[in-house]
Amino acid sequence: TRQAIVDTGYDGVLLMSEQSLSELNLAHFSANGRPVRAVGPGAELEGRVFFIPGVQLDGRPLPNVETWTGPLQEPLLLGSGLLRHFRTTFDFRTMILWLELE
């Protein structure tokens with residue numbers, strides 16, 4: 001279980017810091033990834049793109065998840081590419097993200 005920031009402006013799937021990859025013993029996957037450069041409004045990132053075996057959200061396993069890494073301030077960002085599998089509701093009052101299977 002990890003805390004993550006939901007970034008609906010990021011249309012990618014999963015963005016992980018190098019530190020998070022190391023803590024989760026996933027760094028070897030990024031070593032085999034390909035170099036990438038992403039440029040968007042207010043952000044630019046040079047890193048690597050690769051696949052990890054999977055993640056589990058709301059009890060649903062999602063296999064072969066595309067992941068990006070690079071010099072990040074935050075340990076983990078979920079993008080809209082990952083959330084597309086769900087109907088999502090943001091409850092800002094209680095700071096909860098509800099995920100419903102489509």
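- Sparse packing is recorded around CD of Gln3, with 12 or fewer heavy atoms of other residues, nucleotides or ligands lying under 6.0 Å away.
- Taking the side chain as every heavy atom from C-beta outward, Phe50 and Leu21 approach each other to under 4.5 Å.
- Criterion: ILVMFWY side-chain heavy atoms under 4.5 Å apart, direct or through other members. Under it, Phe92 and Leu99 are part of a common hydrophobic cluster.
- If you chain together hydrophobic residues whose side chains sit under 4.5 Å apart, Leu97 and Val13 fall into the same group.
- Atom CG in Leu72 sits 7.0 Å away from atom CG in Leu77 (nearest 0.5 Å).
- With sequence neighbours excluded, no residue forms a salt bridge (Lys or Arg N to Asp or Glu O under 4.0 Å) with Glu74.
- Applying the 6.0 Å contact sphere to CD of Gln19 captures no more than 12 heavy atoms from other residues, nucleotides or ligands.
- Hydrophobic clustering (side-chain heavy atoms under 4.5 Å, transitive across Ile, Leu, Val, Met, Phe, Trp, Tyr) keeps Leu78 apart from Trp98.
- Atom CZ of Phe51 and atom CG of Asn32 lie 13.0 Å apart (nearest 0.5 Å).
- One finds the CG atom of Leu14 at 10.5 Å from the CG atom of Leu62 (value rounded to the nearest 0.5 Å).
- In this structure, Thr67 contributes its side chain and Val65 its backbone to a donor-acceptor pair below 3.5 Å.
- Counting non-hydrogen atoms of neighbouring residues, nucleotides and ligands closer than 6.0 angstrom, the CZ atom of Arg34 reaches no more than 12 such neighbours.
- Put simply, the side chain of Arg48 gets close to the backbone of Ser30: a donor and an acceptor are under 3.5 Å apart.
- With contacts defined as side-chain heavy-atom distances shorter than 4.5 Å, the pair Leu82/Glu66 does not qualify.
- Looking only at side-chain heavy atoms (C-beta outward), Val6 and Thr88 stay at 4.5 Å or farther from each other.
- Checking side-chain atoms of Ser17 against main-chain N and O of Ser20 turns up a donor-acceptor pair under 3.5 Å.
- Judged purely by atom type and a 3.5 angstrom limit, Thr69 uses its side chain to pair as donor or acceptor with the backbone of Met16.
- Using modelled atom types, one side-chain atom of Ser80 and one backbone atom of Tyr10 make a donor-acceptor pair closer than 3.5 Å.
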